[in-house]
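Reviewing the structure listed below.
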2 protein chains.
Amino acid sequence: MELKTRIVKSAELKNSIIKRLYFDKALSCADLSEVLEKSVPSVSKAITELIEEGFVMEQGYAPSSGGRRPLMYCLQPSAMYIVTVAMDQLSTRIQMLDLHNNPIAETVMTELKLFNNPKALPLLIEYINDYIDASGVARDKIVGIGIGMPGFIDSAKGFNYTYLDSAGQSLTELIAEKTGAPVYIANDSSLIAIAEQKFGIAKNHRDVMVINLGWGIGLGMIVNGELYSGHSGFAGEFSHIPLFDDGALCTCGKRGCLEAEASMLVVAEKAIQGIKDGHISSLKHTDKDPYKVVGNAIMEAANNGDQFAIELLSDAGYKIGKALAILIHIMNPESIVLSGRGAIVGKILLAPIQQALTKYCIPRLVSSTELLISALGFNAELIGTAVLVMENFDKDNKNQSLTTKQLSMEKTSKN
Amino acid sequence: MELKTRIVKSAELKNSIIKRLYFDKALSCADLSEVLEKSVPSVSKAITELIEEGFVMEQGYAPSSGGRRPLMYCLQPSAMYIVTVAMDQLSTRIQMLDLHNNPIAETVMTELKLFNNPKALPLLIEYINDYIDASGVARDKIVGIGIGMPGFIDSAKGFNYTYLDSAGQSLTELIAEKTGAPVYIANDSSLIAIAEQKFGIAKNHRDVMVINLGWGIGLGMIVNGELYSGHSGFAGEFSHIPLFDDGALCTCGKRGCLEAEASMLVVAEKAIQGIKDGHISSLKHTDKDPYKVVGNAIMEAANNGDQFAIELLSDAGYKIGKALAILIHIMNPESIVLSGRGAIVGKILLAPIQQALTKYCIPRLVSSTELLISALGFNAELIGTAVLVMENFDKDNKNQSLTTKQLSMEKTSKN
DNA sequence: AGCACTTATTAAAAAAATTTAAAAAGTATA
DNA sequence: TATACTTTTTAAATTTTTTTAATAAGTGCT
């Protein structure tokens with residue numbers, strides 16, 4: 001017992017060094033000392049140990065800033081791996097990343113319907129286990145499994161109230177038990193948000209709103225530098241705010257929701273109707289095409305200059321802009337990021353959004369918020385999932401390869 | 001130099017003990033140890049010193065929870081004082097509180113027009129200095145001066161972009177220089193929010209939205225347990241979100257703002273018009289009455305059962321409810337508090353607000369947010385201002401009565 | 001090229017904080 | 001009423017962390 005707490009204490013610093021290096025890629029001893037508010041000798045000692053344990057490696061010297069050049073340290077990429085899972089209503093992607101966020105194998109994409117599918121959860125667990133087995137990575141080398149999923153999610157308790165019914169048991173606990181690695185879940189839009197804030201276009205912004213433009217319209221919020229999920233994890237229900245009097249009927253049962261007026265699904269619907277009504281367009285449509293195919297076609301056509309497609313997207317953009325005006329008034333963020341699938345037509349949406357902001361916002365507020373377009377694209381959710389895992393790295397005590405060994409030695413020598 | 005950091009370190013713990021005791025009134029050594037995450041001996045030693053220095057006193061024993069009764073400590077109320085200033089467009093209140101939040105003298109209220117008044121700032125400084133002088137309290141016994149004011153405020157930098165022009169200099173620095181005590185400023189609605197969360201009906205709630213119902217409609221936000229002010233301090237501009245298509249013209253120049261439809265000022269206007277049009281009501285009105293008198297009369301009449309007044313307030317309440325629906329969707333708060341002057345008709349507003357929420361909110365979201373009515377009333381802003389000062393207590397190094405003495409001794413003995 | 005000035009790393013000394021153990025003060029129960 | 005069990009407080013020993021000082025490595029100017 002005596003040694004336990006001591007080791008845990010010292011492991012605390014080591015874990016926060018690992019976490020820091022994951023986010024900042026390469027730091028000197030002095031940098032780490034400053035950012036972690038620990039003395040240089042403490043950090044230096046911890047780093048030496050981390051190198052011995054194989055978690056950290058030297059990366060070379062950084063340019064001098066007027067004195068001795070600092071020796072930079074980075075993570076040993078193959079020291080541990082992160083399993084990232086990104087789900088949507090129809091399909092699930094699984095990937096494994098090393099500590100430099102590089103994929104170590106092909107992303108596997110599988111059909112997995114969430115709606116009304118009692119088999120979804122056991123299948124998900126099976127797919128994850130198969131993927132890990134196929135990768136050949138040992139379970140104790142897995143930092144954690146991060147899963148992004150749609151639905152009303154309580155990250156802290158590990159529940160999804162919309163999909164993947166787990167009969168009252170915590171999803172995270174259940175999956176962790178069956179896979180042998182710690183599990184973290186979060187809403188897909190939240191994950192895109194932390195991806196943009198840690199490794200994307202809004203890097204290090206303290207207050208960011210990330211719009212997940214997809215078949216629905218999601219919102220991930222970074223507030224005071226950290227993810228905000230609300231009292232019960234439902235914050236960011238942006239797409240169902242009452243925005244238009246007597247608007248279109250929404251799937252949620254109400255009228256005038258943003259989603260029912262401006263989501264890609266609605267744009268696709270309008271396109272199909274428009275073509276039927278004889279609109280001139282490069283778009284071709286057979287009634288059998290699912291909305292998603294149409295949606296992708298519209299975005300592509302718009303980027304190629306198709307006037308009808310641009311018109312449809314502009315209309316949606318203006319409505320999104322009105323909603324963003326509300327968001328800006330309430331949150332006064334440093335930046336708003338257009339992310340998700342829709343980000344590829346971000347440039348087209350920019351003008352009508354800006355137009356709506358000018359109309360509906362107090363000038364001082366618009367000018368203090370930057371409107372950005374994601375560059376992370378389709379990868380955002382996977383990266384966000386990895387961030388989710390690493391964010392929790394120093395909370396749950398992970399780096400125990402050494403700790404546990406020493407502990408058991410201690411115990412045997414005492415008994 | 002050598003000793004300096006050491007003393008500052010030990011003072012850090014003492015300061016956080018003082019801060020903690022300010023908020024929690026009375027705690028045992030064990031409580032403090034747990035909440036501050038410091039060992040019992042460290043805390044015990046710090047408390048002994050704080051008692052010697054006159055900051056802390058014993059308060060007696062708390063009931064046992066199955067073992068030795070804990071000795072409770074509280075702040076020596078007269079050890080230090082907080083100056084609180086609450087401003088609105090027309091008048092300014094000044095008060096001094098001891099460390100138990102008890103006023104040590106009458107609140108002084110002075111006429112002080114903010115709009116278009118270049119003399120406002122020097123007058124404010126004069127009033128504060130006069131008040132402190134009259135109180136007989138020495139400057140070095142003043143923890144700080146907290147000032148709540150309307151306008152677009154950047155608390156961190158100390159600017160008010162709407163009133164009290166300080167020619168590019170930081171307001172807080174300027175006033176601090178002229179008064180000889182640290183100064184903190186914040187938006188009035190923000191202060192009401194922290195008052196409600198620390199000492200009011202939303203005590204210890206992590207995520208709270210506080211609606212400041214007054215002549216305008218303000219919003220103070222507590223997010224992840226702390227005040228959220230946005231990237232440039234403008235968060236919570238609730239009253240100018242675009243809510244109604246083609247609504248009434250607002251002072252901000254736009255149409256359809258909540259403030260232009262549901263503030264007490266608008267209710268008063270409607271009442272005057274309604275009486276002219278022959279509505280039956282206990283309200284009597286002469287054209288000379290300013291809106292504020294009418295507004296107060298309406299609230300009183302409504303509380304006495306006047307049907308016309310209730311109708312007017314209900315109408316406003318429904319519109320506020322629609323705006324709150326938006327807020328709930330975005331923030332998913334633990335509670336929403338109706339505070340400010342309008343809180344006295346809170347019960348009347350409750351029904352129409354709830355009605356609007358039911359119509360415009362996703363059911364799961366409404367049911368996870370509590371709607372509360374403030375009990376702090378007119379005092380909320382003054383209390384919030386005191387909280388603002390004490391919130392910063394451990395950041396800026398205050399408790400130096402001992403520190404500075406030891407430092408100078410050290411210096412002389414070394415030189 | 002040499003000198004003054006920065007910056008980074010390492011090692012030894014000093015200080016601070018925590019753990020451990022023990023005593024004190026109560027409660028609940030047989 | 002004595003005994004077992006809790007909880008708080010105090011004191012001593014140990015660990016951890018930070019200072020301090022010394023060394024190493026570079027920059028930039030004269």
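Numbers restart at 1 for each chain; the letters A, B, ... are given by sequence-line order, proteins then strands. On a predicted model such as this, the values are computed, not experimentally measured, just so you know.
As a whole-Å value, the separation of Glu34(A) CD from dT7(C) C1' is 13 Å. Distance, Ile47(B) CD1 to dT9(D) C1': 11 Å, rounded to whole Å. We find that CG of Leu13(B) is positioned 10 Å from C1' of dA17(C), with the value rounded to whole Å. Rounded to a whole Å, the CE atom of Met72(B) is 19 Å from the P atom of dA25(C). At whole-Å resolution of the value, CG in Leu71(B) and C1' in dA25(C) are 12 Å apart. The nearest whole Å value for the distance from the OH atom in Tyr61(B) to the P atom in dT9(D) is 8 Å. When rounded to the nearest whole Å, the span between CD1 of Ile51(B) and P of dT10(D) equals 9 Å. The CG-C1' distance, from Leu32(B) to dT18(C), rounds to 17 Å in whole Å.
A pairwise comparison of heavy atoms in Asp154(B) and Lys157(B) identifies OD1-N, 3.2 Å as the closest pair. Nearest heavy-atom pair across Gln59(A) and Cys74(A) is CG-SG, 3.7 Å.
Taking every side-chain heavy atom of Arg69(A) into account, dG26(D) is the closest of dT9(D), dG26(D), dT10(D). Among the nucleotides dT9(D), dA11(D), dT10(C), the one closest to any side-chain atom of Val40(A) is dT10(C). Taking only side-chain atoms of Cys29(A), from C-beta outward, the nucleotide of dT9(C), dT9(D), dT10(D) with the closest atom is dT9(C). Of the candidates dT9(C), dT18(D), dT19(C), dT19(C) carries the atom nearest the Pro41(B) side chain, counting heavy atoms from C-beta on.
Listed pair Ser42(B) / dT18(C) meets the phosphate criterion, a side-chain N or O lying under 4.0 Å from OP1 or OP2. The phosphate of dT10(D) (OP1 or OP2) has a side-chain N or O of Ser44(B) nearer than 4.0 angstrom.
Partners of Ala186(A) according to the side chain to side chain contact (heavy atoms under 4.5 Å, CB included) rule, which considers only residues two or more places apart in sequence or in another chain, are Ser155(A), Leu191(A), Leu388(A). Every residue two or more places apart in sequence or in another chain was checked for a salt bridge (charged side-chain N to carboxylate O under 4.0 Å, His left out) with Arg206(B), and none qualifies.
Note on ring orientation: taking the six-membered ring where Trp is involved, the planes of Tyr22(A) and Phe199(A) are perpendicular (angle over 60°, cut-offs 30° and 60°).
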